Participant: 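What follows is a single structure, and I will ask about it in a moment.
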2 protein chains.
Amino acid sequence: MKPVNGDGKPAYRRIQHSIQKRIQAGQLKPGDVVESERELAKIHGVSLMTARHALAELAREGMVERRHGAGTFVAPPKIHFNKLMSYTEQMASRGLAARSRIVSAETVSNEPEIAARLSLGTASPLIKVARVRQAGDEPFALETCYLPADEFPSFSTAALERGSLFSILEREYGTELAYADEEIDATGADESTAELLSIPHGSPILRMRQLIFSTSGKPTTYVVGLYRSGRHTLLIRRFR
Amino acid sequence: MKPVNGDGKPAYRRIQHSIQKRIQAGQLKPGDVVESERELAKIHGVSLMTARHALAELAREGMVERRHGAGTFVAPPKIHFNKLMSYTEQMASRGLAARSRIVSAETVSNEPEIAARLSLGTASPLIKVARVRQAGDEPFALETCYLPADEFPSFSTAALERGSLFSILEREYGTELAYADEEIDATGADESTAELLSIPHGSPILRMRQLIFSTSGKPTTYVVGLYRSGRHTLLIRRFR
DNA sequence: AAGTGGTCTAGACCACGGC
DNA sequence: CCGTGGTCTAGACCACTTC
């Protein structure tokens with residue numbers, strides 16, 4: 001009497017996805033009521049606990065809100081705080097094209113501190129790419145990223161001209177990024193940075209040092225970003 | 001045949017807490033195995049699903065890790081990224097005492113921009129308290145916080161000398177804080193800030209503007225923090 | 001093979017919300 | 001009042017890890 005599910009996926013996931021699809025397709029709008037546990041159980045031919053599991057997961061992910069005694073409702077779209085996004089993605093999410101210029105691209109072996117952060121030997125070769133990010137014609141940030149050269153063979157700077165670093169890592173090398181730890185502080189622009197950003201030497205700039213980890217837990221990229229004061233604000237949401 | 005639980009709390013929460021206590025008391029150390037679902041069910045006289053619920057919640061909170069086929073294990077203590085903590089709490093979590101000096105405390109009605117951020121009329125009275133945070137004898141930050149004066153009657157600056165702002169809000173006024181949205185950028189120290197932080201005028205400083213919301217979703221406090229360069233680094237974790 | 005977590009059933013009662 | 005989500009039972013089988 002075991003009702004075989006069509007695929008190998010858990011029933012609660014299938015229910016979850018079916019609701020998720022309807023939300024993304026716009027058939028269910030924020031505020032709309034979602035089927036109750038009992039309705040879903042009947043529709044999908046599962047027990048209450050299974051239907052419940054599906055809704056509980058969706059609530060945990062922020063897709064729906066559950067109100068005791070009232071029902072389950074589609075949640076308003078969340079603003080993506082604390083999301084790890086590439087510059088290209090950030091611009092795209094605002095409907096803008098990413099503009100940047102590669103300042104330098106080389107393989108270096110003399111940056112022991114950064115190699116250490118990437119859990120590598122002190123003399124390990126690193127791909128080092130420095131780019132100036134532009135808004136309109138004005139440069140507003142200098143980003144330098146470091147990758148272990150051994151893990152990204154035949155890394156092509158040309159590809160960087162076209163697409164984002166993230167998409168290259170993910171599509172060309174199958175590296176799934178998971179999270180990043182960032183250190184943020186203020187500092188003054190040194191000579192070369194000042195020149196690249198067209199600001200006076202010593203101007204206050206925001207420095208963001210980012211260590212990006214892949215899903216396997218390995219540090220994959222180190223990025224140092226220097227942002228012109230007044231041109232850039234970081235947004236974070238903290239929870240209690 | 002309904003086994004009455006001693007209190008009104010759900011069984012799965014009691015199980016959760018009993019495990020949580022043993023972890024915090026050090027009886028269970030990171031890596032230690034936790035009782036299996038079946039064991040917990042027997043011990044607490046509940047069904048498997050209930051014991052399971054308790055462990056699933058603990059896993060969601062990051063207290064334990066579950067490994068399919070192997071067991072449930074105490075997770076290593078997590079670094080609290082992206083947590084909304086008061087200065088006092090941050091220091092306490094490092095085993096240090098918070099040291100700060102109140103620079104000024106007044107009620108103002110002429111800061112329309114900040115009143116607006118707190119969703120108040122432009123002329124609403126605001127409690128404004130400026131404090132210098134110290135590490136040892138060295139000042140490293142200037143924090144100015146604003147609260148709606150109407151909602152915190154008889155706000156005592158004296159209490160601030162003793163405890164943290166957060167604890168006053170939570171204990172004296174029953175305001176539960178939920179989350180904060182922060183804007184972070186770099187700027188240069190103005191005259192008065194430079195003097196208070198003992199740094200040259202124009203030195204780069206990290207500015208953090210924070211709007212703190214209560215659990216009811218209402219903006220409750222606005223904080224502007226100015227941090228000396230080199231003395232302070234912000235840590236964030238971003239997820240993909 | 002034994003033990004674990006992951007999924008699931010077919011019910012039950014309770015607490016809460018809105019009419 | 002009825003329908004909702006919240007908790008819970010007493011089992012079951014499967015997938016996985018460990019030995």
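Quick caveat, the model's predicted, so the values are computed rather than measured. Residue numbering restarts at 1 for every chain, and letters A, B, ... go by the order of the sequence lines. For the numbers below, each heavy atom of this structure counts, side chains included, while hydrogens, waters and symmetry mates do not.
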Participant: Check this for me, if you would: do B:R60 and B:E57 make a salt bridge, where the nitrogen-to-carboxylate-oxygen distance has to be below 4.0 angstrom?
Facilitator: yes
Participant: Please give me every residue in residues 68-75 of chain B whose heavy atoms get under 4.0 Å of an atom in DNA chain C, ordered by residue number.
Facilitator: B:H68, B:G69, B:A70, B:G71, B:T72
Participant: If you check every side-chain atom of A:R38, which of C:dG5, D:dG5, D:dT9 has the closest atom?
Facilitator: D:dG5
Participant: Provide, to the nearest angstrom, the distance between the CD atom belonging to B:E37 and the P atom belonging to D:dA15.
Facilitator: 17 Å
Participant: Between B:K83 and B:E89, does any side-chain N to carboxylate O distance fall below 4.0 Å?
Facilitator: no
Participant: Could you pull out every donor-acceptor pair under 3.5 Å between side chains of residues 112-120 of chain B and any protein atom, sequence neighbours left out?
Facilitator:
from: B:R117; atom 1: NH1; to: B:E183; atom 2: OE2; distance (Å): 2.7

Participant: When you measure from the side chain of B:R66, which nucleotide among D:dG6, C:dG6, C:dG11 comes out closest?
Facilitator: C:dG6
Participant: In whole angstroms, how far is the C1' atom of D:dA10 from the NE2 atom of B:H53?
Facilitator: 18 Å
Participant: Please determine, for the side chain of A:T50, which listed nucleotide (D:dG6, C:dG6, C:dT9) has the closest atom?
Facilitator: C:dT9
Participant: Measuring from the side chain of A:M49 (C-beta onward, heavy atoms only), which nucleotide among D:dG6, C:dG11, C:dT7 has the closest atom?
Facilitator: C:dG11
Participant: Rounding to a whole Å, what distance do you find between A:L40:CG and D:dT4:C1'?
Facilitator: 13 Å
Participant: In whole Å, what is the span from the CZ atom of B:R13 to the C1' atom of D:dG6?
Facilitator: 11 Å
Participant: Of the listed nucleotides (D:dT7, D:dT9, C:dT7), which one gets closest to any side-chain atom of B:Y12?
Facilitator: D:dT7
Participant: In whole angstroms, how far is the P atom of D:dC8 from the CG atom of B:L48?
Facilitator: 14 Å
Participant: Identify whether any heavy atom of B:R67 sits under 4.0 Å from a base atom; if not, whether one sits that close to sugar-phosphate; answer base, sugar-phosphate or nothing.
Facilitator: sugar-phosphate
Participant: In terms of side-chain heavy atoms of B:E39, which of D:dG5, C:dT4, C:dG6 is nearest?
Facilitator: C:dT4
Participant: Below 30° counts as parallel, above 60° as perpendicular, anything between as tilted: where do the rings of A:F239 and B:Y179 land?
Facilitator: tilted
Participant: In plain terms, say whether A:K42 and A:E35 are close enough for a salt bridge, that is, a side-chain N and a carboxylate O under 4.0 Å apart.
Facilitator: no
Participant: Whole angstrom is fine here: how far is it from NZ in B:K9 over to P in C:dA15?
Facilitator: 13 Å
Participant: How close or far is atom C1' of D:dT4 from atom CG of A:D32, stated in whole angstroms?
Facilitator: 17 Å
Participant: Measuring from B:L206:CG to A:D185:CG, what's the distance to the nearest 0.5 Å?
Facilitator: 7.0 Å
Participant: Does B:S36 put a side-chain nitrogen or oxygen below 4.0 Å from OP1 or OP2 of C:dT4?
Facilitator: yes
Participant: Who passes ring pair (Phe, Tyr, Trp, His ring centres under 6.0 Å) against B:Y222, sequence neighbours left out?
Facilitator: none
Participant: Specify the separation, in whole Å, of atom CD of A:E57 and atom C1' of C:dG6.
Facilitator: 12 Å
